[in-house]
Amino acid sequence: MAFEDVYAIVRKIPRGRVMNYGQIAGLIRHPLSARAVGWAMQQCPKGIPWHRVVNAEGGISTEMLTDPPRLQRLLLEGEGIRFDQSGKLSMSRYRWTPKKTRKK
DNA sequence: CCATTGACGAAGA
DNA sequence: TTCTTCGCCAATG
């Protein structure tokens, strides 16, 4: 699996919307490698809206891992996304699905 | 080459 | 509903 495919998808996520790791994995034909997608994001190059990728429960996985802690959440809130008391967002409401430009 | 770990997730207890 | 276990992919020790 090529990380490039992961980045290509993440780049298409519109502002104010999010996607989870497993969903991305499925789009690139690797439905069982959500963890690998996570690794790809860790290597994520500049210019990619990495903050729009959250886990399946709508929670932030990089909570204490980013430079300023909770950076991802701040960025998302900056795009109009709201979090509940448990620090999660509503996936049913913000999850986005790209148009499948099936190329191959 | 084998064991562990990790920005994950579904299933079982 | 909360916690634990297992599977899967890539990277590291």
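Each chain gets a letter, A, B and so on, in the order its sequence line appears, and its residues count up from 1. Since this is a predicted model, take the numbers as computed values, not measurements.
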Hey, is the side chain of A:S61 poking within less than 4.0 Å of OP1 or OP2 on B:dC8, counting only N and O atoms?
yes

Would you call A:V37 and A:H30 a side-chain contact if the rule is heavy atoms closer than 4.5 Å?
no

Any donor-acceptor N/O pair, A:Y94 side chain to A:R52 backbone, under 3.5 Å:
no

In whole Å, I'd like the distance from the CD atom of A:Q43 to the P atom of C:dC9.
18 Å

Would you say A:N20 reaches B:dC8's phosphate, i.e. side-chain N/O to OP1/OP2 under 4.0 Å?
no

I want to verify a distance call: between B:dA7, B:dG9, C:dC9, whose nearest atom is closest to the A:M1 side chain?
C:dC9

Length of the CE-C1' vector between A:M91 and B:dG9, whole Å:
12 Å

Nearest-angstrom distance from the residue atom CG of A:D5 to C1' of C:dA10
15 Å

Take atom NZ of A:K88 and atom P of C:dT1, then tell me their distance rounded to the nearest Å.
11 Å

Quick one: does A:E63's side chain have a donor or acceptor within less than 3.5 Å of a partner on A:R73's backbone?
no

Picking from C:dC9, B:dG9, B:dA7, which would you name as closest to the side chain of A:H30?
C:dC9

For nucleotides B:dA7 and C:dT2, find the distance between their P atoms and express it as a whole number of Å.
23 Å

Whole-Å distance between B:dT5 C1' and A:Q42 CD?
10 Å

Side chain of A:S33: nearest nucleotide among C:dC9, B:dA7, B:dC8?
C:dC9

Gap separating the CG atom of A:L71 from the CG atom of A:L65, nearest 0.5 angstrom
11.5 Å

Closest to side chain of A:W39, choosing from C:dA11, C:dA10, B:dC8:
C:dA11

Find the distance A:F3:CZ to C:dA10:P and express it as a whole number of Å.
7 Å

Per atom distances to the A:A36 side chain, the nearest of B:dA7, B:dG9, C:dC9 is C:dC9

Could you tell me how far apart A:E57 (CD) and B:dA7 (P) are, to the nearest whole angstrom?
15 Å

Could you tell me whether a side-chain N or O of A:E79 sits under 3.5 Å from a main-chain N or O of A:P14, the two making a donor and an acceptor?
no

Report the distance from atom CD1 of A:I13 to atom P of B:dA7, rounded to the nearest whole Å.
19 Å

